[in-house]
Each structure stands twice: as C-alpha cells, then as structure tokens.
Amino acid sequence: MRIFLDTANLEEISRAVALGLIDGVTTNPTLLAKAGLSFPEGVLEVCRAVQGPVSLEVTKEDAAGMVEEGRKIASLAPNLVVKVPVTLEGIQAISVLSKDGIPVNATLVFQPLQALLAARAGAKYASVFLGRLDDVGHDAISILGECLEILEAYGMATELIAASVRHPMHVLRAALLGTPIFTLPFGVLLGLVEHPLTRSGLERFLQDARSVASSMRYPK
Ligand code: G3P
C-alpha cells in the first residue's frame with residue numbers, strides 16, 4: 001500500500017515527507033494554480049523533495065499535443081509521471097507515451113471501462129476520482145471496487161489510485177478493498193492519525209506522569 005500526497009504545496013510536501021509516509025505526489029492544474037508553483041522550477045523542487053513518482057498533468061487536448069507535452073514533462077526529471085485525461089484523444093496519447101516507456105497516470109477515471117481501456121493502452125496508474133463521483137450521487141466505492149475487479153480479472157499491471165479523496169472514510173473503504181495507492185490531500189492525511197480519544201488519553205497520561213515525575217529515576 002502506498003500513499004501519495006495530492007498537492008502542489010511545498011510546505012505540505014516537506015511536512016508529510018518528514019512523517020516518513022509519503023511515496024509520491026500527484027498534482028493537477030488546479031492544485032498548481034492554488035499553490036502558485038513556478039514552472040518548471042517549483043515542479044522540480046517537488047521532484048527533489050519526494051522520493052517517488054510526481055504526477056504532472058498535460059494541458060493540451062489533442063493527442064499529438066498531449067504526446068509532445070508529455071515527452072517534455074518526462075524529460076524534466078526522472079521521477080515525473082505524465083498525467084493524461086481518459087478521453088479518446090487521451091487514450092491515443094497514453095498508448096504512444098506508454099510505448100515510449102514514459103509512465104502515465106490516466107486521470108479523471110469515473111467508471112471501470114475507462115480504467116480497463118487506460119490499462120489496455122499501457123497506463124502505469126489510473127486515478128479514480130471518488131469525491132467527484134459521490135458529489136453527483138454515485139456510489140464511488142462500489143465503482144472503485146468494480147475498477148479493481150476488472151483489472152484483476154484481466155491481470156492488468158496498471159495500479160489504481162484512489163483520488164479525489166475527501167475524508168478518512170474514503171480511505172478506510174478503499175483500503176478495505178485493497179486499493180494499492182491513495183493520493184491524499186494533506187488535511188485528510190492528518191485526519192487519518194488524529195483521534196480525540198488519543199488526545200484526551202495522552203493528556204491524562206501526561207498529567208499523571210507529572211505527578212510522579214519527581215520520583216522517576218532512569219538508570220544511568
Ligand atoms: O487527485 C485528484 C484530485 O486532486 C481531485 O480532487 O477534491 O478536486 O475532486 P478534488
């Protein structure tokens with residue numbers, strides 16, 4: 001099981017890397033705009049900050065443009081992964097880039113057949129957008145389950161990423177399905193650790209520790 005951080009915020013990335021839990025980073029144009037990350041300097045800083053894949057999305061809509069941009073992205077740093085949307089043009093670009101040996105993260109996947117075709121085209125990863133499915137009244141977790149099942153049925157090597165994760169329950173339900181990778185906003189990552197009973201339990205322990213501190217002697 002791997003955890004990617006879904007952000008372009010360098011401070012969040014360095015804090016999460018310090019936790020020792022982060023296996024990669026995913027970005028999208030919205031996250032880059034929000035973080036005000038410079039290009040390519042800021043992106044390269046992200047690539048240096050994390051040991052593992054960093055997904056950067058193409059901005060062209062036609063296959064030839066995506067391929068050209070994808071090749072440029074891949075040449076910037078050895079750990080960059082090209083994020084390509086699953087449209088007809090995108091599938092064509094995924095096929096070409098994957099045949100070139102460039103790792104692709106097929107993005108904006110909302111149903112199992114999109115995952116299957118992205119895998120057939122050679123994508124290394126496919127990102128299923130849970131939160132956005134729930135937003136429009138679909139059962140995101142059952143769709144994710146079908147995506148996992150269909151790739152497994154055909155022995156596809158493509159790894160699914162649970163993306164658009166909005167809260168810890170998404171992570172729990174996706175983890176129970178054995179989803180190989182989660183990409184998490186920083187706030188959700190923190191939410192996986194924090195529990196009010198841990199906090200209150202610790203406060204009580206520390207309070208009691210202070211009352212016996214004077215009599216505690218560690219051997220030298
Ligand atoms: O990983 C994809 C993610 O960045 C999209 O999240 O919350 O904008 O649907 P959201």
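Nothing here was measured: the structure is a model prediction, and the numbers come from that model. We count ligands from 1, going down the list as the structure has it; atoms in each ligand are counted the same way.
In this structure His167 satisfies the ring pair (Phe, Tyr, Trp, His ring centres under 6.0 Å) test together with His170, sequence neighbours excluded.
Within 4.0 Å of ligand 1, protein heavy atoms belong to Asp6, Asn28, Leu31, Phe129, Arg132, Ala163, Ser164, Arg166, Thr183, listed by chain and number.
A side-chain donor-acceptor contact under 3.5 Å links Ser164 to the backbone of Gly131.
Clustering of Ile, Leu, Val, Met, Phe, Trp and Tyr by side-chain heavy atoms under 4.5 Å joins Leu202 with Leu206.
More than 12 heavy atoms of other residues, nucleotides or ligands sit less than 6.0 Å from atom CZ of Arg166.
Note that CG of Leu133 and CG of Asp139 are 9.0 Å apart. Values are rounded to the nearest 0.5 Å.
Among pairs with a residue in residues 43-72, none fulfils ring-ring contact (aromatic ring centres under 6.0 Å, His included), at least two apart in sequence or across chains.
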